[in-house]
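As the structure is a prediction and not an experimental result, all values here were calculated from the model. Start at 1 with the first residue, then count along the sequence.
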Amino acid sequence: VQLQACGGGLVQAGGSLRLSCAASGRAISNYALGWFRRGPGKEREFVAAINWSGDATYYSDSVKGRFTISRDYASDTGYLQMDRLNPEDTAVYYCGAKWAPGRSISPQTMARMSTYDYWGQGTLVTVSS
């Protein structure tokens, strides 16, 4: 599976962006998807995840209520809608995929980088104040 993250850019505080994570090589309908980010001088951190069936989502406290993760099975694409952005959201955003057909994965497990089998290359989001 190859993942291609895109949609990053420069946005003013309070604005919105939608990131995409397009998969190729294999359908990702049986994969859980996650988004992580690495801000300047920071370690990569969990942002959001969605299970393989799309009926369970998880968010970090820092983005809950502002970001929405979703997926489209027809296009094998995951999305991260980011609203009310603030400068602290500035980071390179990465998408990951975890093979998990029919399995329920705990939020704690979904929030760990080591859980994921595949990663995209990252897309830069810069939020100006």
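- One distance of note links CD of Q108 with OG1 of T115; it measures 10.5 Å at 0.5 Å rounding.
- Between the side chain of Q4 and the backbone N or O of G120 there is no donor-acceptor pair closer than 3.5 Å.
- L10 and S128 get closest at one heavy-atom pair: CD1-CB, 4.3 Å.
- Legend: disulfide bond (SG atoms under 2.5 Å apart) pairs involving residues 55-129, not counting sequence neighbours, sorted by first then second residue: C21-C95.
- Interatomic distance, L85 CG to S16 OG, rounded to the nearest 0.5 Å: 6.0 Å.
- In this structure, S62 OG and N86 CG are separated by 9.0 Å, a value rounded to the nearest 0.5 Å.
- Residue pairs satisfying the salt bridge (Lys or Arg N to Asp or Glu O under 4.0 Å) criterion with at least one member in residues 78-96, sequence neighbours excluded, are listed as follows: R37-D89, R66-D89.
- Residue A100 comes nearest to I105 through the heavy atom pair CB-CD1, 3.5 Å, listed as atom of the first residue, atom of the second, then distance.
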May I have the list of side-chain donor-acceptor pairs in residues 50-57 shorter than 3.5 Å, sequence neighbours left out?
| unit_1 | atom_1 | unit_2 | atom_2 | d |
| --- | --- | --- | --- | --- |
| N51 | OD1 | G54 | N | 2.9 |
| N51 | OD1 | D55 | N | 3.0 |
| N51 | OD1 | A56 | N | 3.1 |
| N51 | ND2 | S53 | OG | 3.1 |
| N51 | ND2 | D55 | OD1 | 2.7 |
| S53 | OG | D55 | OD1 | 2.7 |
| S53 | OG | D55 | OD2 | 3.4 |

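- Atoms CE and CZ, on M82 and F67 in that order, are 5.0 Å from each other to the nearest 0.5 Å.
- At least one side-chain heavy atom of I28 sits under 4.5 Å from a side-chain heavy atom of R71.
- Counting heavy atoms from C-beta on, the side chains of V125 and L17 come closer than 4.5 Å.
- Applying the ring pair (Phe, Tyr, Trp, His ring centres under 6.0 Å) test to residues at least two apart or on different chains, the pairs with a partner in residues 78-107 are Y31-W99.
- Annotation: the span from K98 atom NZ to S114 atom OG amounts to 9.0 Å, rounded to 0.5 Å.
- Here the closest heavy-atom approach between residue P87 and residue A13 is recorded as CD-CB, 4.2 Å.
- Partners of K64 according to the salt bridge (Lys or Arg N to Asp or Glu O under 4.0 Å) rule, which considers only residues two or more places apart in sequence or in another chain, are D61.
- In terms of hydrophobic clustering, with Ile, Leu, Val, Met, Phe, Trp and Tyr side chains grouped at heavy-atom distances under 4.5 Å, L33 and F36 are assigned to different clusters.
- The shortest heavy-atom contact between S106 and T109 is OG-OG1, 2.9 Å.
- V92 and Y118 sit in two unconnected hydrophobic clusters of ILVMFWY residues. Membership requires side-chain heavy atoms under 4.5 Å apart, directly or through other members.
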| query | Please walk me through it: do E43 and M113 pass side chain to side chain contact (heavy atoms under 4.5 Å, CB included)? | reply | CA-CA 11 Å; E43 295 187 353; M113 287 176 51; over 6 Å; no
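- Under the side-chain contact (heavy atoms from CB on, under 4.5 Å) criterion, A49 pairs with F46, Y58, M110, Y116, sequence neighbours left out.
- Distance check, rounded to the nearest 0.5 Å: NZ of K42 to OG1 of T90 gives 9.0 Å.
- Linking ILVMFWY residues whenever their side-chain heavy atoms come closer than 4.5 Å, directly or via other members, places L124 and W119 in the same cluster.
- Here the side chain of T123 pairs a donor or acceptor atom with the backbone of G8 at under 3.5 angstrom.
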